[in-house]
Trainee: 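My questions all concern the structure below.
A quick note: this is a predicted structure, and the numbers were derived from the prediction, not measured. In the text below, chain A, chain B and the rest are named by the order of the sequence lines, each starting its count at 1.
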Amino acid sequence: MQNTTFQMSSIVTRYAPSPTGPQHIGGIRTALYSYLFGKKHGGEIILRIEDTDQNRYVPGAEEFIINSVNWCGFAFTQGVHVGGAHAPYRQSERSELYAKYADQLVKAGHAYIAFDTPAEIEAMKAHLSATGTVMPQYDASTRHLMKNSLTLAPEEVEAKIKAGEAYIVRFKVPENEDVKFYDLVRDWVNINSSQIDDKVLLKSDGLPTYHLANVVDDHEMQVTHVIRGEEWLPSAPLHLLMYRAFGWEDTMPAFAHLPLILKPDPSVLVQNKVRKKEMIVKLPSMYLEAHPEAGEAFQQKGEQFLQQVMRDPVTFQKGLKEDEKDKPEIADFKSWLRDQLYGKLSKRDKELHGIPVFPLTWTDPETGDVNVGYRELGYLPEAFLNYLALLGWNPGNDLELMTMDEMIENFSLEKVHKSPAKFDLDKLNHFQAHYLRNLSADRWLELLKPEVKAAGFDLPSDEYLLGVVDKMKERVTFVSEIPEKADYLFQAPHDFDQNMLSKGWNEEAMQMLRDLIGLYEKQESWTEMEIEEIFKTYIEENEIGIGKLMTPLRLAITGKSFGPGIFEISVLIGKNETLDRIKSALERLQPVG
RNA sequence: GUCCCGUUCGUCUAGGGGUUAGGACUUAAGAUUUUCAUUCUUACAACGGGGGUUCGAUUCCCCCACGGGAUGCCA
């Protein structure tokens, strides 16, 4: 990796999202893989914003992408936010370029100008469908029937343009040609060109479509490796054809199409009794919300249906299939259900499966809807990223927990999976707990302080806080759980575990605690070993079962029945506080039983 | 519908013509522990189905089933 400077500098990858909304974790993973690959080969990693659709532009989306990547802890070497040799990196700022190249293609006979209105195209397709064509499209078989520069006389075309008539540029896809291309993760893929329609290259607003902009920019920016989602696989042959038409085939980038990230398996839902019950009620009302026309009466029917279908995974799978015997309202519900339960991970899956899809919290600028992100939920970026990296890639050994450097070292596109992966929150949480336990003192303080304040406690010293961390880090998955589970480390307990109280808080225990206070008071030096010794000597001398005293002691000091070692806690909070708490408990709590 | 891609424990996956099919998460049991965790040990659990090719197939080929994607003047 350290040698071959020439090879190293020649790699260029890119991440090219469109700012149509918050970046979902699939996008982050694509960005990550582009980064890992680029970094591994010492190359350039470009962030290019594909904002060629004016209608779908969402303010803030671009910042969201950059913030997300920053939070995850990796970076681009070129891009909208940092500049670079190929600036600008926003496609809306490069539009003359695309028009120029589209023109070049038209002149060379690889593309043509078309004047058809959407309605006319629609009519053509409808007509073909009616006469039995399975896949009606604007292509070699139909382009001669339409209004374009292939069918119109040149003067006519000229006149129309002069008159200001709207037009687009379409790519002239060759007829019936096998297009074969190599994909780094899927090997050879073969598609016949008749499957591809004459894609629009330049829209009537003068802006390019993805297909044109992407090919032109990857060429201009000297991109060597295009790493993108599987949804692009079917249009890759088109892109190849375009590189060919431009005469750029020699320098065409290599392609790597990544598998999708899927929703969790719905049969898991069926097997979980609690979740199942929830879903039987929730799904019909969610459907009702989306389809108010179904009518209130639907809710019950929907629940009935689910109850039958969700008996077990097999009935579930069968029951969700299309069935001609279904009543119309159930048929609609079913197809809606399929969309909700299967397929790519989507925004709805936070609600449905408890799986957030955004790295950061996103507030929809139009609706005000808040979609909570991994960061705000308390996930550590390194845990999130490590888990995400493994959803579609694996180094091929048993390595799972990896630092960024290890991921870079081990990464290869050949090891990227072909098949999609389902998101598993349990495993992410395991990673999270692991990384939390290995956090540095500085990070701990940085993360814990706001949580302590948010819980309404006074902020203790850093030293004390690190003591808290030491006692609690093995017991939590999120930092916010610390003030929640160990409130007694920040103030004397207000509430006491009733169950525990009824089991062991009696006259006998109270007397023992009074004895213990006496012994503790005499003890000058206050270390864990010493006070444990006092405790043990006492119970041995009085032949008491250890739990008989330990439980009431813990209860008096913490109010709880579980937690770190009680002597550790006593030392942390100090001698005075320990004694105060025992005394106060003895005053406040009446003996039970 | 048509085209493209995929299919190993419940989940994420390793492997690859002859393996006791390996690891991780989850679940369960045990050890440690004053409790709760952590940690450690153990257990449960998989090659979608059918045909080939082969002495032998989970691995290669074909078909089917299932899952996914694409089929826009969206990306």
Trainee: Partners of A:E231 by side chain to side chain contact (heavy atoms under 4.5 Å, CB included), sequence neighbours excluded?
Mentor: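 If we apply the side chain to side chain contact (heavy atoms under 4.5 Å, CB included) test to A:E231, skipping adjacent residues, the hits are A:L260.
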Trainee: More 5' along RNA chain B: A:E231 or A:P17, using each one's nearest nucleotide?
Mentor: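 First, find each residue's nearest nucleotide; the 5'-ward one identifies A:E231.
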Trainee: Counting the atoms with a prime plus P, OP1 and OP2 as sugar-phosphate, which does A:D116 contact under 4.0 Å by heavy atoms, base, sugar-phosphate, or nothing?
Mentor: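 Since a base atom lies under 4.0 Å of A:D116, the category is base.
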Trainee: Using a cut-off of 4.0 Å on non-hydrogen atoms, how would the nucleic acid contact of A:V200 be classed: base, sugar-phosphate, or nothing?
Mentor: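 Sugar-phosphate contact only.
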Trainee: Take atom P in B:rA45 and the same atom in B:rU35, then report the distance between them in whole Å.
Mentor: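 The same atom, P, in both gives a distance of 32 Å.
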Trainee: Is the charged tip of A:K199 near the ring of A:F171: under 6.0 Å from the six-membered ring centre and within 45° of its axis?
Mentor: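 Cation-pi check for A:K199 and A:F171: fails.
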Trainee: Given the C1' atoms of B:rG50 and B:rU41, what is the spacing between them in whole Å?
Mentor: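 Here B:rG50 and B:rU41 have their C1' atoms 43 Å from each other.
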Trainee: Checking A:V80 now: which residues fulfil side chain to side chain contact (heavy atoms under 4.5 Å, CB included) with it, not counting sequence neighbours?
Mentor: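 Result, side chain to side chain contact (heavy atoms under 4.5 Å, CB included) vs A:V80: A:L47, A:I49, A:E62, A:I66, A:Y89, A:R90.
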Trainee: Tell me which nucleotide among B:rC74, B:rC25, B:rU35 gets nearest to the side chain of A:F562.
Mentor: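 The closest nucleotide is B:rU35.
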Trainee: On RNA chain B, compare the nucleotides closest to A:S561 and A:T20; which residue's is nearer the 5' end?
Mentor: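 Result of the comparison: A:S561.
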Trainee: Where the side chain of A:I566 is concerned, which of B:rA75, B:rU34, B:rU35 is the nearest nucleotide?
Mentor: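 Ranking B:rA75, B:rU34, B:rU35 by closest atom to the A:I566 side chain puts B:rU34 first.
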Trainee: Could you work out the separation of B:rU54 and B:rC64 based on their P atoms and round it to a whole Å?
Mentor: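 Here B:rU54 and B:rC64 have their P atoms 23 Å from each other.
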Trainee: Counting heavy atoms from C-beta on, name the nucleotide in B:rC73, B:rU11, B:rU26 closest to the side chain of A:R170.
Mentor: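 So the nucleotide nearest the side chain must be B:rC73.
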Trainee: When the distance from CD of A:E484 to C1' of B:rC36 is rounded to whole Å, what number comes out?
Mentor: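 Between C1' of B:rC36 and CD of A:E484: 15 Å.
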Trainee: By the 4.0 Å heavy-atom rule, please label A:G229 as base, sugar-phosphate, or nothing.
Mentor: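 Nothing, no nucleic acid heavy atom in range.
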Trainee: Quick one: label A:P118 by what it contacts on the DNA or RNA (base, sugar-phosphate, nothing), any heavy atom closer than 4.0 Å.
Mentor: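 Result for A:P118 = base.
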Trainee: In this structure, how many angstroms lie between the C1' atom of B:rA24 and the CG atom of A:N429, rounded?
Mentor: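 In whole Å, B:rA24 C1' lies 15 Å from A:N429 CG.
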Trainee: Taking only distance into account, with no hydrogens and no angle test, what donor-acceptor pairs under 3.5 Å do side-chain atoms of residues 384-392 of chain A form with protein atoms, sequence neighbours excluded?
Mentor:
| unit_1 | atom_1 | unit_2 | atom_2 | d |
| --- | --- | --- | --- | --- |
| A:N386 | OD1 | A:M402 | N | 2.8 |
| A:N386 | OD1 | A:Y435 | OH | 2.4 |
| A:N386 | ND2 | A:E400 | O | 2.9 |
| A:Y387 | OH | A:D424 | N | 2.8 |
| A:Y387 | OH | A:D424 | O | 3.2 |

Trainee: Using the ring pair (Phe, Tyr, Trp, His ring centres under 6.0 Å) definition, which of the options A:W362, A:F431, A:Y379 pairs with A:Y374?
Mentor: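 Only one option passes, and that is A:Y379.
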Trainee: For the pair made of CH2 in A:W232 and C1' in B:rC3, what is the distance, rounded to whole Å?
Mentor: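 One finds 17 Å between C1' of B:rC3 and CH2 of A:W232, rounded.
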Trainee: For A:K344, which contact category applies under a 4.0 Å heavy-atom criterion: base, sugar-phosphate, or nothing?
Mentor: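 Touches sugar-phosphate only.
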Trainee: Look at A:K203 and B:rC74 and indicate whether a side-chain polar atom (N or O) is within less than 4.0 Å of OP1 or OP2.
Mentor: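 Indeed, a polar side-chain atom of A:K203 lies that close.
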Trainee: Any chance the side chains of A:E540 and A:T537 put a donor and an acceptor closer than 3.5 Å?
Mentor: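 Note: A:E540 and A:T537 side chains miss the donor-acceptor criterion.
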Trainee: Just by modelled atom types, is the A:Q137 backbone N or O under 3.5 Å from a matching donor or acceptor in the A:T142 side chain?
Mentor: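 Yes: the side chain of A:T142 pairs with the backbone of A:Q137.
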Trainee: Nearest of B:rG68, B:rA24, B:rG10 to any side-chain atom of A:D424?
Mentor: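 The answer is B:rG10, which lies nearest to the side chain.
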Trainee: Watson-Crick or G-U wobble partner for B:rG67, using a 3.5 Å limit on both distances?
Mentor: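 Result: B:rC5.
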Trainee: A:E532 vs A:K536, test: salt bridge (Lys or Arg N to Asp or Glu O under 4.0 Å). Steps then yes/no.
Mentor: CA-CA 6 Å; A:E532 187 169 356; A:K536 285 198 171 143; 3.0 Å; yes
Trainee: Using a 4.5 Å cut-off on heavy atoms from C-beta on, say whether the side chain of A:L233 contacts that of A:F181.
Mentor: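 Answer yes - side chains close enough.
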Trainee: Take the protein atom CD1 of A:I546 and the nucleotide atom P of B:rU32, then report the distance between them rounded to whole Å.
Mentor: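 Atom CD1 in A:I546 sits about 14 Å away from atom P in B:rU32.
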Trainee: Using atom C1' in both nucleotides, what's the gap between B:rC66 and B:rC74 to the nearest angstrom?
Mentor: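 It works out to 29 Å between them.
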Trainee: Pick base, sugar-phosphate or nothing for A:G206, based on heavy-atom distances below 4.0 Å to the nucleic acid.
Mentor: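 Nothing, no heavy atom under 4.0 Å.
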Trainee: Using a 4.0 Å heavy-atom cut-off across all strands, classify A:H417 as base, sugar-phosphate, or nothing.
Mentor: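 Sugar-phosphate, backbone atoms only, no base.
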Trainee: Heavy atoms from C-beta onward define the side chain here; which of B:rC36, B:rC74, B:rA24 lies closest to that of A:E400?
Mentor: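 Given the options B:rC36, B:rC74, B:rA24, the side chain of A:E400 is closest to B:rA24.
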Trainee: Write down the protein N/O and nucleotide N/O pairs, taken from nucleotides 5-8 of chain B, whose separation is under 3.5 Å; answer none if there are no such pairs.
Mentor:
| unit_1 | atom_1 | unit_2 | atom_2 | d |
| --- | --- | --- | --- | --- |
| B:rC5 | O2' | A:R186 | NH1 | 2.3 |

Trainee: With heavy atoms under 4.0 Å as the rule, sort A:G563 into base, sugar-phosphate or nothing.
Mentor: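 Base, at least one base atom sits under 4.0 Å.
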Trainee: Reckon A:T551 touches a base, only the sugar-phosphate, or nothing at all at heavy-atom distances under 4.0 Å?
Mentor: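 Touches nothing.
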Trainee: Could you list, one pair per line, each protein nitrogen or oxygen that sits under 3.5 Å from a nitrogen or oxygen of nucleotides 42-47 of chain B, together with the distance?
Mentor:
none

Trainee: Identify which nucleotide among B:rU2, B:rG68, B:rU13 has an atom closest to any side-chain atom of A:Y342, counting heavy atoms from C-beta outward.
Mentor: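 Within the option list, the nearest is B:rG68.
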Trainee: Rounded off to whole Å, could you give me the CG-to-C1' distance for the A:L128 and B:rU71 pair?
Mentor: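 To the nearest whole Å, that distance equals 15 Å.
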Trainee: For A:D116 and A:N148, does a side-chain donor sit closer than 3.5 Å to a side-chain acceptor?
Mentor: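 Absent: no donor and acceptor within the cut-off.
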Trainee: By nearest atom, which of the nucleotides B:rG15, B:rU2, B:rA75 is closest to the A:E50 side chain?
Mentor: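 Of all the options, the side chain of A:E50 is nearest to B:rA75.
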Trainee: Take A:Y538 and A:L519 through the side-chain contact (heavy atoms from CB on, under 4.5 Å) test and state the conclusion after the steps.
Mentor: CA-CA 9 Å; A:Y538 175 79; A:L519 294 166; 3.6 Å; yes
Trainee: Let me know the distance between CD1 of A:I191 and P of B:rG69, rounded to the nearest Å.
Mentor: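 Value for this atom pair: 16 Å.
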Trainee: Which nucleotide in the set B:rU2, B:rU13, B:rG15 lies at the smallest distance from any side-chain heavy atom of A:A421?
Mentor: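 The closest nucleotide is B:rU13.
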Trainee: For B:rA37, what is the paired nucleotide under Watson-Crick or G-U wobble rules, both distances under 3.5 Å?
Mentor: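 Because no pair has both required distances under 3.5 Å, B:rA37 counts as unpaired.
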Trainee: Tell me which nucleotide among B:rC36, B:rU2, B:rG72 gets nearest to the side chain of A:D197.
Mentor: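 Side chain of A:D197 sits closest to B:rG72.
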Trainee: A:Y138 OH to B:rU71 P: how many Å, rounded?
Mentor: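 Roughly 19 Å, once rounded to whole Å.
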Trainee: B:rG15 phosphate, OP1 or OP2: any side-chain N/O from A:K415 under 4.0 angstrom?
Mentor: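 Yes, A:K415 has a side-chain N/O under 4.0 Å of OP1/OP2 on B:rG15.
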Trainee: What integer number of Å spans the C1' atoms of B:rC44 and B:rG10?
Mentor: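 The same atom, C1', in both gives a distance of 12 Å.
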Trainee: Is there a side-chain polar atom (N or O) of A:K125 under 4.0 Å from OP1 or OP2 of B:rG72?
Mentor: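 The answer is yes; a side-chain N or O of A:K125 sits under 4.0 Å from OP1 or OP2.
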Trainee: Can you tell which of B:rC73, B:rU11, B:rA75 lies closest to the side chain of A:R56?
Mentor: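 Nucleotide nearest to A:R56's side chain: B:rA75.
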Trainee: Does B:rA43 have a Watson-Crick or wobble partner in any strand here, with both distances under 3.5 angstrom, and which is it?
Mentor: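 Base-paired to B:rU27.
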Trainee: Side chains of A:T209 and A:T52: closer than 4.5 Å at any heavy-atom pair?
Mentor: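 A:T209 does not reach A:T52 side chain to side chain.
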Trainee: Of all residues at least two apart in sequence or in a different chain, which pass the ring pair (Phe, Tyr, Trp, His ring centres under 6.0 Å) check with A:H353?
Mentor: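 In terms of ring pair (Phe, Tyr, Trp, His ring centres under 6.0 Å), with neighbours along the sequence ignored, A:H353 is linked to no residue.
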Trainee: In this structure, how many angstroms lie between the P atom of B:rU34 and the CE atom of A:M500, rounded?
Mentor: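 Going from CE in A:M500 over to P in B:rU34 covers 15 Å.
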Trainee: Are any of A:R437's side-chain N or O atoms less than 4.0 Å away from OP1 or OP2 of B:rU39?
Mentor: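 For B:rU39, OP1 or OP2 has a side-chain N or O of A:R437 closer than 4.0 Å.
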